Each structure stands twice: as structure tokens, then as C-alpha cells.
Amino acid sequence: MSKNIKGLVLITGTTSGVGLNTLKPLLRYGWEVIAVNRSNEKAIKIAEEFLTKEEIKNVHFIEIDLSNLDEVRKGCDQILERFKKPINSLICNAAVYKPRLKRPERSPQGFENSMAVNHFGHFLMISLLIKNILSSEREIFLNGKSTFFKPRITVLGTVTANYSELGGRIPIPAPADLGDLSGFKNGFLSPISMANGKKFKPGKAYKDSKLCNMVTVQELSKRYPKEKIIINSLYPGCVADTKLFRDTPWLFRFLFPIFQKFVTRGYVSQRLAGERVAEVATYKKYAKSAVHWSWGNRQKNWKKSFFSEVVKKNS
Ligand SMILES: NC(=O)c1ccc[n+]([C@@H]2O[C@H](COP(=O)([O-])OP(=O)(O)OC[C@H]3O[C@@H](n4cnc5c(N)ncnc54)[C@H](OP(=O)(O)O)[C@@H]3O)[C@@H](O)[C@H]2O)c1
């Protein structure tokens with residue numbers, strides 16, 4: 001076995017925050033990375049500032065706007081054509097959060113945009129790439145040694161979408177709740193903007209989309225045997241100072257990290273969140289399917305990850 005066979009990992013949304021900070025550990029472990037972003041120009045510029053010249057040689061940039069399902073199809077075709085070796089690990093990270101919208105923004109296909117980007121785009125990407133990912137089981141060179149790597153899909157979830165955790169029960173604007181899915185069943189086009197078909201609540205739209213991400217992990221794990229592929233999700237902690245919060249009021253952006261650092265103690269740095277994502281997506285320790293990994297609401301240096309049950313709200 002040649003020592004040079006690098007594994008191939010795909011991650012979405014590497015221009016800032018958790019995704020950007022996941023790049024370094026992935027490259028340090030020895031991965032070749034496909035970075036999927038809606039602007040290659042922006043992604044390359046930021047990566048050039050953040051990574052060394054040596055590191056960036058192992059990053060391939062692919063442009064896909066996840067809100068546009070046609071672009072997801074075209075981009076996945078391009079990936080399947082361009083890379084001769086299959087993808088070993090897929091990390092669904094990109095997301096938008098727009099809690100101040102008065103009216104829903106619409107994706108090119110007419111869907112409420114945070115659901116389109118956070119869930120539909122990733123769902124379609126997984127569907128189009130899963131055959132390729134399933135075929136990737138082989139030995140790769142990882143962390144300095146030849147390692148047998150089982151295919152893996154890792155999805156970023158969040159505490160605010162998980163009713164089993166305290167953060168999932170915050171009533172403002174409302175806990176995540178997909179209801180009877182009537183919004184989806186009825187086509188999810190204007191005037192429908194919520195999965196449960198009810199009134200548009202922008203903060204809840206984000207939570208609902210993340211709950212869909214986490215439910216997808218649970219469902220996929222039932223459909224694909226754990227002997228063939230590991231499918232998991234994680235809550236890396238509250239990374240309260242990322243650009244995810246760019247559309248919140250400035251006072252919230254100022255106070256939220258302080259509150260998370262000193263009151264809830266849920267705060268984690270972007271660097272630590274990136275390390276956690278890279279580990280969950282690639283370490284043997286996390287090779288357990290259907291698991292939602294969490295470090296809980298209160299962060300402590302010594303604190304270890306644990307399985308967190310994903311619970312939906314009973315409406
Ligand atoms: N921050 C937290 O406290 C926290 C906690 C739990 C889970 N998470 C999850 O962690 C993940 C990363 O969040 P973050 O905090 O790092 O946010 P972030 O800094 O805002 O990063 C989001 C990334 O998604 C990309 N993106 C947005 N819209 C896109 C689109 N239409 N197509 C392709 N890429 C798009 C952004 O690219 P552009 O530069 O083009 O906008 C950016 O690279 C998310 O899934 C989030 O739900 C975050």
C-alpha cells in the first residue's frame with residue numbers, strides 16, 4: 001500500500017466560522033479537501049489568508065450555491081467527473097440564519113431560503129453523492145499511518161433544534177417543530193414558508209431546517225447499514241462569534257458571546273469547533289452511526305463528547 005494515498009473529504013461552507021476552522025485540522029490529519037462554496041473567488045481569497053501555501057495545495061475549490069438545486073446537481077456532476085477517487089467523508093456544514101426577516105426570502109426554486117440552503121441543498125447533495133461515498137471504503141494515509149477508513153457523512157446540527165437539550169426548548173421565537181409536515185406536503189412554495197405550514201417565523205425556520213438535517217441523519221442511518229457507512233451529526237458548542245449571526249442586531253452580536261462565555265458557559269472558540277467537526281468526521285472514536293454528538297450546553301476544558309438523543313417536540 002502506497003503511503004501517498006490521501007483520503008478525500010468534502011466540506012461545504014469554508015469561507016468563515018466553523019467550516020473555515022475545520023480546514024486546518026483536516027489538512028493536518030492528511031486529507032485532500034474539496035471545499036464547496038457559493039463563491040470560489042471569496043473562498044480561495046480567504047483560504048489563502050488562513051492556510052499555508054503547502055496546505056492550500058491539498059484543497060480543491062468547487063462553486064455551488066446550495067440554495068439552487070440546479071447548481072447542486074451541476075456541481076455534483078462536476079465533482080463526480082473531476083475526482084477519480086471517491087469521497088471518503090462528506091461534511092454538511094454551510095448554513096444561513098436570518099432571524100430578522102419580515103418576509104421569507106425565496107430560493108431560485110421558490111422555497112423558503114434557509115430551509116433550501118441548510119437542508120434541501122445538502123439533502124440533494126447527499127442523494128447525488130452517496131453511491132460514490134459508499135464505494136470509498138479503502139485504506140488511506142491518515143494521521144501518519146495507513147488506516148482502513150469506513151465511508152462517513154457528518155452533518156452540523158444544533159442544540160436549538162434538539163428538544164432533548166435545554167437550548168432546544170427556548171420558546172423565542174419557538175422551538176423547532178415540523179408539525180404534521182403539511183408545509184412540505186403542500187409543495188413548500190409561496191405562500192407556504194414553514195415545514196408545518198404555519199405562519200413564517202424566521203428564527204424558527206433556521207431551527208426547523210437544522211432539525212431536518214438531524215432527522216435526515218437518523219433516517220439515513222436506518223436505510224444504510226452501519227457496516228457500510230457511518231452517518232452522524234454534531235453540535236460543536238455555541239460558537240457565538242461566527243458570521244452566522246451577521247443578521248442579528250449589533251447589540252445581540254456584542255452581548256451574545258459574553259453571555260455564552262460567562263453565563264451559560266456554552267461558548268467554544270471557532271478553532272475548537274473546527275477541531276471537533278474534523279474529529280467527528282474522521283476519527284475512529286466517532287465511527288458510530290446514528291449518533292448525534294454533543295459537548296453539552298456548559299463547556300469545560302476536560303469535558304468529553306457524549307451521545308445526545310435527538311428528540312422532536314410533541315406539538
Ligand atoms: N455558530 C454557532 O454557534 C453554531 C452552533 C451550532 C451549529 N452551528 C452550525 O455550524 C455550521 C457553520 O456555521 P458558522 O457558525 O460557522 O456560520 P458562518 O460563519 O456564517 O458560515 C456559514 C458558511 O455557509 C456558507 N453559505 C451560506 N449560504 C450558502 C449557500 N447558499 N451556498 C453555499 N454556502 C453557503 C457561508 O458562505 P458565504 O461566505 O458565501 O456566506 C459560510 O461559508 C452551520 O451548519 C451552523 O448551523 C453553528
Side-chain angles (χ1 to χ4, degrees), residues 10-23 35-47 50 61-72 75 91-99 105-109 111-122 124-125 154-162 165 167-168 176 203 205-214 216-217 233-248 252-253 256-257 259-261 264 266-274 276-277 280-281 292-297 299 308:
L10 187 159
I11 176 167
T12 62
T14 64
T15 56
S16 60
V18 179
L20 179 62
N21 282 276
T22 304
L23 286 179
V36 168
N37 289 284
R38 61 177 149 175
S39 161
N40 263 356
E41 192 186 341
K42 180 175 176 185
I44 292 168
K45 187 169 175 285
I46 290 167
F50 194 73
F61 295 90
I62 298 279
E63 198 166 90
I64 300 177
D65 182 337
L66 285 163
S67 73
N68 188 340
L69 300 182
D70 292 338
E71 277 200 28
V72 176
I91 307 173
C92 299
N93 166 74
V96 281
Y97 172 55
K98 296 207 169 174
E105 285 179 344
R106 295 279 164 191
S107 73
Q109 282 75 32
F111 303 127
E112 188 284 315
N113 200 53
S114 53
M115 184 61 79
V117 174
N118 305 353
H119 179 54
F120 293 166
H122 283 124
L124 180 60
M125 178 175 270
T154 298
V155 180
L156 269 288
T158 183
V159 74
T160 55
N162 192 0
E165 301 198 58
Y206 167 81
K207 293 183 192 178
D208 283 356
S209 70
K210 300 307 290 183
L211 178 56
C212 287
N213 285 156
M214 290 152 75
T216 300
V217 165
S233 58
L234 80 149
Y235 169 62
C238 182
V239 209
D241 48 15
T242 71
K243 290 188 174 160
L244 190 69
F245 304 100
R246 71 189 103 183
D247 291 307
T248 57
F252 176 88
R253 286 201 301 279
F256 189 52
F259 180 73
Q260 291 294 347
K261 270 180 201 168
T264 69
Y267 176 86
V268 289
S269 67
Q270 298 185 29
R271 197 191 55 73
L272 179 57
R276 286 177 174 175
V277 174
V280 170
H292 177 66
W293 295 97
S294 178
W295 282 257
N297 290 316
Q299 300 289 320
S308 171

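Quick note: residue numbers are just sequence positions, from 1. Just so we're clear, the structure is a prediction, and the values are computed from it rather than from any experiment. Indexing begins at 1, ligand by ligand and atom by atom, following the structure's order.
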>> Can you list everything that forms a side-chain hydrogen bond (donor to acceptor under 3.5 Å, both in side chains) with Thr14? Sequence neighbours excluded, please.
In response: Asn37
>> By the side-chain hydrogen bond (donor to acceptor under 3.5 Å, both in side chains) test, which pairs, at least two apart or in different chains, include something from residues 239-248?
In response: Asp241-Tyr267, Asp241-Gln270
> Regarding Ser209 and His119, is there a side-chain donor-to-acceptor distance under 3.5 Å anywhere?
Replying inline: no
>> Heavy-atom contacts with ligand 1 below 4.0 Å: which residues, ordered by chain and residue number?
In response: Gly13, Thr14, Thr15, Ser16, Gly17, Val18, Arg38, Lys42, Ile64, Asp65, Leu66, Ser67, Asn93, Ala94, Ala95, Val96, Val117, Leu156, Gly157, Thr158, Tyr206, Lys210, Tyr235, Pro236, Gly237, Cys238, Val239, Thr242, Lys243, Leu244, Phe245, Arg246
> Do Glu105 and Val96 come close enough that some side-chain heavy atom pair is under 4.5 Å?
Replying inline: no
>> I need the minimum non-hydrogen distance between Val117 and His122, along with the two atoms involved.
In response: O-ND1, 3.7 Å
>> Holding to side chain to side chain contact (heavy atoms under 4.5 Å, CB included), I want the full list of residues that pass it with Glu71, two or more places apart in sequence or in another chain.
In response: Ile64, Asp65, Asn68
